[in-house]
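Structure first, then comments.
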Number of protein chains: 2
Amino acid sequence: MPTMTAAQRRAADKAEYDAFLAACPSRQLLDRLSDKWVTLVLVGLEEGPRRYSELSRTIAGVSQKMLTQTLRTLERDGLLTRTVTASVPVTVTYELTPLGRSLQQLMAQLKDWAEAHMDQVLTARDSYDAQP
Amino acid sequence: MPTMTAAQRRAADKAEYDAFLAACPSRQLLDRLSDKWVTLVLVGLEEGPRRYSELSRTIAGVSQKMLTQTLRTLERDGLLTRTVTASVPVTVTYELTPLGRSLQQLMAQLKDWAEAHMDQVLTARDSYDAQP
DNA sequence: CGGAATCCTGCCTGATACTG
DNA sequence: CAGTATCAGGCAGGATTCCG
């Protein structure tokens, strides 16, 4: 007979799963890179430092909440730096660290892959959809 | 005065935003790669064909719904093939296409990057958290 | 075994208003 | 300008059940 409710089993499984994640660097990376805003911010900073408002305009569709949140986590992870200039009005600049730049290189490769192969993907998609 | 309700404006903005996305291959890629299960499936297939149940066990934490859904979209996009062997019980095998393999190469680089730099990220995270 | 269909919950996200 | 705080909703995604 079960000694745990479904909810308890779920919690136990989740804790176990989290522990496994914590021990596995590649899984942690995936969690981070699986955030589309992370990728877009990295791409947005590829050509140098940008101000908050510039990023906000460049990355169309991002809410200020998600932009701030994404910038914070990236800063926390040491992928970019946040510089506040005490002027009126205040200016905040974001810039990739060397670590962030090394990751951005890989992102750029992904972007290149996409642009090179997107037509193949679209063709495959069409032929898949054409089937009854 | 506004001639649209908030909901209408939202819908219009969204349509416009989607149209922009549709015209930009790199954005479409990001939408696809921002799915952590996509990455994990590609990694799971890197060493050759795998059966559904094998993938399900390898990719710990994935629900059957998300696994099936992910495999379907990847098949639709021409990144992997789905082969059904009419036996009892039925056997279904998934395998990367050449296109899928080329993307998997890049994913492997990301995985390597993660394993090489995760300690730096964790260090940065600790020092960030240590600040009052 | 390998799914499809259904229900249901939580969190992600966006909108809005306020601060320094 | 560059945020923080709060609230509401929509949908991603998990659990469950049933089918070929």
Side-chain angles (χ1 to χ4, degrees), chain A residues 2 4-18 30-32 34-38 40-41 44 49-75 80-95, chain B residues 2 4-18 31-32 34-38 40-41 44 49-76 80-95:
Chain A
M4 303 169 89
T5 65
Q8 284 172 330
R9 263 190 293 99
R10 219 173 325 158
D13 289 348
K14 188 157 191 174
E16 198 178 321
Y17 179 53
D18 282 346
L30 291 181
D31 279 359
R32 194 132 315 278
S34 291
D35 187 328
K36 72 191 270 195
W37 300 126
V38 166
L40 288 170
V41 165
R50 286 286 181 276
R51 297 181 55 181
Y52 182 90
S53 51
E54 288 178 309
L55 284 173
S56 175
R57 260 175 282 113
T58 302
I59 307 174
V62 69
S63 67
Q64 126 279 67
K65 174 180 177 177
M66 289 319 297
L67 181 55
T68 299
Q69 184 175 304
T70 303
L71 290 169
R72 283 289 182 283
T73 52
L74 290 178
E75 182 195 4
L80 55 79
T81 58
R82 177 175 181 269
T83 308
V84 179
T85 304
S87 56
V88 179
V90 66
T91 302
V92 181
T93 307
Y94 295 91
E95 183 172 13
Chain B
M4 304 170 87
T5 66
Q8 285 173 329
R9 262 189 294 102
R10 217 172 326 155
D13 288 349
K14 188 158 189 172
E16 198 178 319
Y17 179 53
D18 284 345
D31 279 358
R32 195 134 313 279
S34 291
D35 186 331
K36 72 190 271 193
W37 301 127
V38 166
L40 288 170
V41 165
R50 287 286 179 275
R51 296 181 55 182
Y52 182 90
S53 52
E54 289 178 309
L55 284 174
S56 175
R57 261 175 281 113
T58 302
I59 307 174
V62 69
S63 67
Q64 131 281 64
K65 175 180 176 175
M66 289 319 296
L67 181 55
T68 299
Q69 184 175 304
T70 303
L71 289 168
R72 282 288 182 284
T73 51
L74 291 178
E75 183 195 2
R76 179 168 180 259
L80 56 77
T81 56
R82 177 175 180 268
T83 308
V84 180
T85 305
S87 56
V88 179
V90 66
T91 301
V92 181
T93 306
Y94 294 92
E95 183 172 12

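Only heavy atoms go into these numbers, but all of them, side chains included; no hydrogens, no water, no symmetry mates. Order of the sequence lines fixes the chain letters, A, B, ..., with proteins taken first and strands second; residue numbering starts at 1 for each chain.
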Check: So how far off straight is the helix from dC1(C)-dG20(D) to dG20(C)-dC1(D), going by the axes through five pairs at either end, to 10°?
Finding: 50°

Check whether any side-chain N or O of [X] sits under 4.0 Å from OP1 or OP2 of [N], and answer yes or no.
X: Ser53(A); N: dA2(D); answer: yes
X: Arg51(A); N: dC1(D); answer: no
X: Arg82(A); N: dA2(D); answer: no
X: Tyr52(B); N: dA4(C); answer: no

Mind calculating the distance between [atom1] ([X]) and [atom2] ([N]) to the nearest angstrom?
X: Lys36(B); N: dG13(D); atom1: NZ; atom2: P; result: 9 Å
X: Asp35(A); N: dA12(D); atom1: CG; atom2: P; result: 15 Å
X: Ile59(A); N: dT13(C); atom1: CD1; atom2: P; result: 14 Å
X: Leu67(B); N: dG3(C); atom1: CG; atom2: P; result: 8 Å
X: Arg57(A); N: dA2(D); atom1: CZ; atom2: C1'; result: 13 Å
X: Arg50(B); N: dC1(C); atom1: CZ; atom2: P; result: 17 Å
X: Tyr94(A); N: dA2(D); atom1: OH; atom2: C1'; result: 7 Å
X: Met66(B); N: dC11(D); atom1: CE; atom2: P; result: 15 Å

Let me confirm one number: the [atom1]-[atom2] distance from [X] to [Y], rounded to the nearest 0.5 Å.
X: Leu67(B); Y: Tyr94(B); atom1: CG; atom2: OH; value: 7.0 Å
X: Ser63(B); Y: Gln69(B); atom1: OG; atom2: CD; value: 8.5 Å
X: Glu95(A); Y: Glu75(A); atom1: CD; atom2: CD; value: 13.0 Å

Note to self: For Thr93(A) versus Pro49(A), what's the shortest heavy-atom pair and its separation?
What the structure shows: CG2-CB, 3.7 Å

Item checked: For Val84(A) against Arg82(A), the heavy-atom pair lying closest together -> CG2-NH1, 3.7 Å

Next item on the list: Looking at every strand, decide which applies to Gln64(A) at a 4.0 Å heavy-atom threshold: base, sugar-phosphate, or nothing.
Entry: base

Check: Nearest nucleotide by nearest heavy atom, which residue falls closer to the 5' end of DNA chain D, Val92(A) or Ser63(B)?
Finding: Val92(A)

Margin query: Taking the nucleotide of DNA chain D with the nearest heavy atom to each, does Thr93(A) or Lys65(A) sit closer to the 5' end?
Written below: Thr93(A)

Margin query: Just to verify, what does Ser87(A) make a side chain to side chain donor-acceptor pair (under 3.5 Å) with, not counting sequence neighbours?
Written below: Thr91(A)

Notebook entry, point to check: Among side-chain atoms of Tyr52(B) and Thr68(B), is any donor-acceptor pair under 3.5 angstrom?
Noted result: yes

